[in-house]
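Below: the structure, in structure tokens.
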Amino acid sequence: MMGSNSAGGGGGAMVPGGMGAAAGGDGRHDDEAVLTEFLSSLMDYTPTIPDELVEHYLGRSGFHCPDLRLTRLVAVATQKFISDIASDSLQHCKARVAAPIKDNKSKQPKDRRLVLTMDDLSKALQEHGVNLKHPEYFADSPSAGMAPAAREE
């Protein structure tokens, strides 16, 4: 069973299950039953991120687990994280484009296509606790690409 997890305010990532806590009864028993059902539903779900890729990076970090359900759980969590970052970046991009240009109204572009910038991505990542510092070789400042001695002048 596939469900949408939209409680985070715009994730939109598809995740298996869609189950909440069962009503009534023993809370611990219900939580275990929901968890067991969710983990078993992961066997029928094919995440966007391949199992081999998740296993590779889990192995590089020192985590080895033969249980495919756990690998897929990490893949689903990663997919949700990336989806949230992309959604937040889009919102920052829309806000930037919607902001009026202060200098001259005749310079406003007629083409309203959205272009994701590093600033949009940096702001979205910072909201999720990831600090992104891009190197100086990005041509976003007049001194980028110049020799260090020339920058000081």
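Note that this is a predicted model, so its numbers are computed, not measured.
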For atom CD of Q126, decide whether the heavy atoms of other residues, nucleotides or ligands shown that lie under 6.0 angstrom number more than 12. no
Between the CD atom in Q91 and the CZ atom in R96, the distance rounded to the nearest 0.5 Å is 12.5 Å
Result for side-chain contact (heavy atoms from CB on, under 4.5 Å) between C93 and one of L121, V115, T117, D120 points to D120
Taken to the nearest 0.5 Å, the spacing of H56 NE2 from L58 CG works out to 10.5 Å
- Item | Side chain proximity check, L70 to F63, heavy atoms < 4.5 angstrom | yes
ask   = Taking atom types as modelled and ignoring hydrogens, do the side chains of D119 and H92 form a donor-acceptor contact shorter than 3.5 angstrom?
value = no
- Run the side chain to side chain contact (heavy atoms under 4.5 Å, CB included) check on T78 and Y57 step by step: do they pass? CA-CA 12 Å; T78 304; Y57 282 105; over 6 Å; no
Between the CD atom in E37 and the CG atom in L42, the distance rounded to the nearest 0.5 Å is 11.0 Å
Item to check | Pair K80-D84, salt bridge (charged side-chain N to carboxylate O under 4.0 Å, His left out): steps then yes or no | outcome: CA-CA 6 Å; K80 172 75 168 104; D84 287 348; 2.8 Å; yes
Residues S41 and F38: closest non-hydrogen pair is OG-O, 2.6 Å
Task: Main-chain N/O of M43 paired to R72 side chain as donor or acceptor, under 3.5 Å - done: yes
**Asked** Are the side chains of Y45 and L73 in touch, meaning some heavy atoms are under 4.5 Å apart?
**Response** no
Flag the pair L114 / L90 as yes when at least one side-chain heavy-atom distance between them is below 4.5 Å, and no otherwise.
yes
S89 and L116 have their tightest heavy-atom pair at CB-CD1, 3.6 Å
Check: Given side chains that start at C-beta, do those of R113 and V97 come closer than 4.5 Å, heavy atoms only?
Finding: no
Between S87 (side chain) and S83 (backbone), is there a donor-acceptor pair under 3.5 Å?
-> no
Does E32 offer a backbone N or O that forms a donor-acceptor pair with the side chain of T36 under 3.5 Å?
yes
Transitively linked via ILVMFWY side-chain contacts under 4.5 Å: L68 with I49? no
